[in-house]
Structures are given as structure tokens and as C-alpha cells.
Amino acid sequence: TGRLYHFRPKSDEDIGLAQTQPNFFVVEDKAGRTWVHPRSGGFSEFNPVTRELIPFYNDPDDPNRRFFNTMHDAFIDSNGNLWMSTRAPGLEKCTFQQSNFSFFTQPSLVLTNNGCEVRTTFEDGKRRLWTADKEGKIMIKAADGTTLGFLMENGRLSPKPLKSGMIAYDIIQDSKNRIWLACKGKGLVVLTEKTEGVFTPYYINQELPIEHRPNTGNIYALLEDQEGRIWAGGYGGGLNLVLEEEGGFRCVHVGNGLST
């Protein structure tokens, strides 16, 4: 069974600005939007979700409206532009520009905050978006924008926001498809993806033997050079060259052999 809806939007005729009763017409544009001009005037966009007529920059009660909402006719051209023949000032052209951007807020664990201070973002080879914030949360989104989860210290993803303890300031993906995190306090974290969304972490930090550890636990920048070597810049310690050895990694810096 269907339903019948009746609309009576406020028009310029109601306040005596229209001299003759305007015509009724409906047009649909290339994006599927439906534009309605009731017999009494009040040109609007029809919202199929809320079942409402939304004024199109022409609400008679809005002092900043751009034109009258009573019209002679409207037309959609081959480029998707909306042409409106209004009672005043005349012919109007509206161009709809498609936005290539979408927006989201990194959720905060502090109820009084509307969002988090994001320290770094990164898109990996699977077009997943990684965002790391000051609270220590690392959120991963799929290419379509859906949230895959929040990275935990064991390399798995949690469906709920949580602090991982990894306050990442830089994220890269190396030529072997491993994800590297440069973290404040945790040093370097190397993630190897075993199955979709499940990573095996390897920590390069101050808990390693002294000859293997970086010269600081606070790493802020990462770079892979043309030879596939990873360079890590740390706060207070300077540059580290990360060498891969059987069973792990070793950091070379000015304190243990990196020549200046």
C-alpha cells in the first residue's frame, strides 16, 4: 500500500511578491535529485528519506536567500547544470560540483573531547588508511571508508577504540610490504601481515641487547632508501640505520659504529 503526502511550502506568493499564480512542474537531474515547483510556488529539492521539500537557497524567511522561489520553469542541461527561470531577478544557473572528499573524526577515549589530535596518516598498498593519534590509538580503515579496527600491541585489530601504547609519529610500508611504525616511547614496530588484518609485530626498542637497540626510544621519522635499507630518525639520539639480520634487526648509529 502506498501513502499520499501533501506539501505546502511557503512561497513568495504568500507574502504578496508573486503577481500571478506560478505553474507546477517537476524535474529530475542526472544525480537522481528531484526538484519540485508546487502550483503555489516554493521551488525545492525533494528529500526521499525525510519526505520533505527542502528550500533551495530561496527560503522567503532567509534574509540571505539568493533568488525568488516562484518560477516560470526549470531545466537540466546535458552537463547537469540546473537552469531556473525565476520571477526575479530572472535566469539563474546552478552548477553542482562533485566533492572528492569525505570526512571522519578519530574517536577519543576522553568523553569531553570531540576528537583526537592525529599525529600521522598513511595509505598502504591495499589502500587502507592508517591514522595514529596522540592518545596511542591506531585506526585502520578499508578503501571504502569502513573501519576495520584499532591496532593492538599483539598485532590484532580491536573493533572498539583502545590505546595500543604505540604513539606513532610516522608510518611507512617497505619494499617487502611490511608496515613500520615510528613511535614515541616504543621505538620502532615492524608489522608483518600474516592473514588479512592480522599482523605479527617485532619491536625494535630499548629492551633489545645494547648492540642491537636504537639510540633512543623516541622515533619520529622513517625512510626506506633505494637499497631497501630503513633509516629512523630519533629525538635526542639522531639517525639510526636499521639492518636486517637473521632472526631480527640491528640498529647502527653514531654510538656504535655509524660513521659521520
Side-chain angles (χ1 to χ4, degrees), residues 1-118 121 123 127-129 131 133 139-150 159-161:
T1 59
R3 296 185 64 181
L4 180 66
Y5 293 87
H6 179 263
F7 302 100
R8 181 61 172 87
K10 189 172 184 179
S11 74
D12 293 315
E13 183 180 329
D14 297 331
I15 55 179
L17 296 179
Q19 312 232 336
T20 59
Q21 193 173 47
N23 294 323
F24 168 81
F25 59 83
V26 177
V27 292
E28 184 179 39
D29 62 23
K30 288 187 173 183
R33 293 178 292 240
T34 302
W35 304 91
V36 180
H37 185 268
R39 177 79 169 119
S40 59
F43 184 73
S44 306
E45 179 185 359
F46 176 66
N47 186 320
V49 177
T50 61
R51 304 283 183 176
E52 295 178 296
L53 290 180
I54 310 299
F56 186 62
Y57 302 104
N58 57 8
D59 187 341
D61 294 328
D62 185 357
N64 297 315
R65 68 172 178 161
R66 299 183 180 180
F67 39 77
F68 275 31
N69 71 357
T70 54
M71 298 186 182
H72 298 289
D73 202 0
F75 171 72
I76 307 293
D77 66 22
S78 59
N79 293 318
N81 300 311
L82 172 63
W83 295 82
M84 298 173 292
S85 176
T86 62
R87 294 292 178 90
L91 186 63
E92 305 280 352
K93 175 187 176 184
C94 292
T95 301
F96 300 96
Q97 296 179 343
Q98 180 180 357
S99 174
N100 294 320
F101 296 90
S102 59
F103 300 88
F104 68 90
T105 300
Q106 185 98 333
S108 174
L109 296 176
V110 181
L111 297 180
T112 55
N113 291 348
N114 292 325
C116 285
E117 182 179 333
V118 174
T121 60
E123 184 183 62
R127 297 189 60 201
R128 295 174 299 196
L129 182 67
T131 56
D133 62 47
M139 182 168 64
I140 305 176
K141 284 183 170 288
D144 63 1
T146 58
T147 300
L148 298 175
F150 295 79
K160 296 181 179 180

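These figures come from a predicted structure and were not determined experimentally.
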(message) If you apply the rule side-chain contact (heavy atoms from CB on, under 4.5 Å), what do you find for Thr131 with Met139, and how did you get there?
(response) CA-CA 5 Å; Thr131 56; Met139 182 168 64; 3.6 Å; yes
(request) Report, as yes or no, whether the 6.0 Å neighbourhood of atom OH on Tyr57 holds more than 12 heavy atoms from other residues, nucleotides or ligands. (result) no
(message) Checking the side chain of Lys30 only, and the main-chain atoms of Ser78 only, is there a donor and an acceptor separated by less than 3.5 Å?
(response) yes
(message) Working note: Phe43 + Phe25, criterion side-chain contact (heavy atoms from CB on, under 4.5 Å); need CA distance, chi angles, decisive distance, verdict.
(response) CA-CA 9 Å; Phe43 184 73; Phe25 59 83; 4.1 Å; yes
(message) Can you list everything that forms a ring pair (Phe, Tyr, Trp, His ring centres under 6.0 Å) with Phe150? Sequence neighbours excluded, please.
(response) none
(request) Drop me the distance from Leu148's CG to Leu129's CG, to the nearest 0.5 angstrom. (result) 10.0 Å
(message) To the closest 0.5 Å, what do you measure between CZ (Arg128) and NZ (Lys141)?
(response) 14.0 Å
(message) How long is the straight-line distance from CG of Asp29 back to OG1 of Thr34, given to the nearest 0.5 Å?
(response) 8.0 Å
(message) If I take atom OG from residue Ser85 and atom NE2 from residue His72, how far apart are they, to the nearest 0.5 angstrom?
(response) 5.0 Å
(message) Could you tell me if the side chain of Glu117 sits less than 4.5 Å from the side chain of Asp133, heavy atoms only?
(response) no
(message) Pair Trp83, Leu91 - check side-chain contact (heavy atoms from CB on, under 4.5 Å), show working.
(response) CA-CA 7 Å; Trp83 295 82; Leu91 186 63; 3.9 Å; yes
(request) Measure across Arg65 and Asp59 and return the closest heavy-atom pair with its distance rounded to 0.1 Å. (result) CD-O, 3.3 Å
(request) Starting at CG of Asp144, measure out to OG1 of Thr146 and round the result to the nearest 0.5 Å. (result) 3.5 Å
(message) Classify the ring geometry of Phe56 against Phe96: parallel below 30°, tilted from 30° to 60°, perpendicular beyond 60°.
(response) tilted
(message) Looking at every non-hydrogen atom in both residues, tell me the closest pair between Cys116 and Pro107 and how far apart they are.
(response) SG-O, 3.3 Å
(request) Could you pull out the closest heavy-atom pair between Ala74 and Val27, with the gap in Å? (result) O-CG1, 3.7 Å
(request) Please round to the nearest 0.5 Å and tell me the distance separating atom CD1 of Ile76 and atom CE of Met84. (result) 9.0 Å
(message) Using the rule given for side-chain contact (heavy atoms from CB on, under 4.5 Å), can you reason through Phe24 versus Val36, listing the C-alpha separation, both sets of side-chain angles and the distance that settles it, and then say yes or no?
(response) CA-CA 8 Å; Phe24 168 81; Val36 180; 4.1 Å; yes
(message) Are Leu109 and Pro161 packed together at the side-chain level, in the sense that at least one heavy-atom pair is separated by less than 4.5 angstrom?
(response) yes
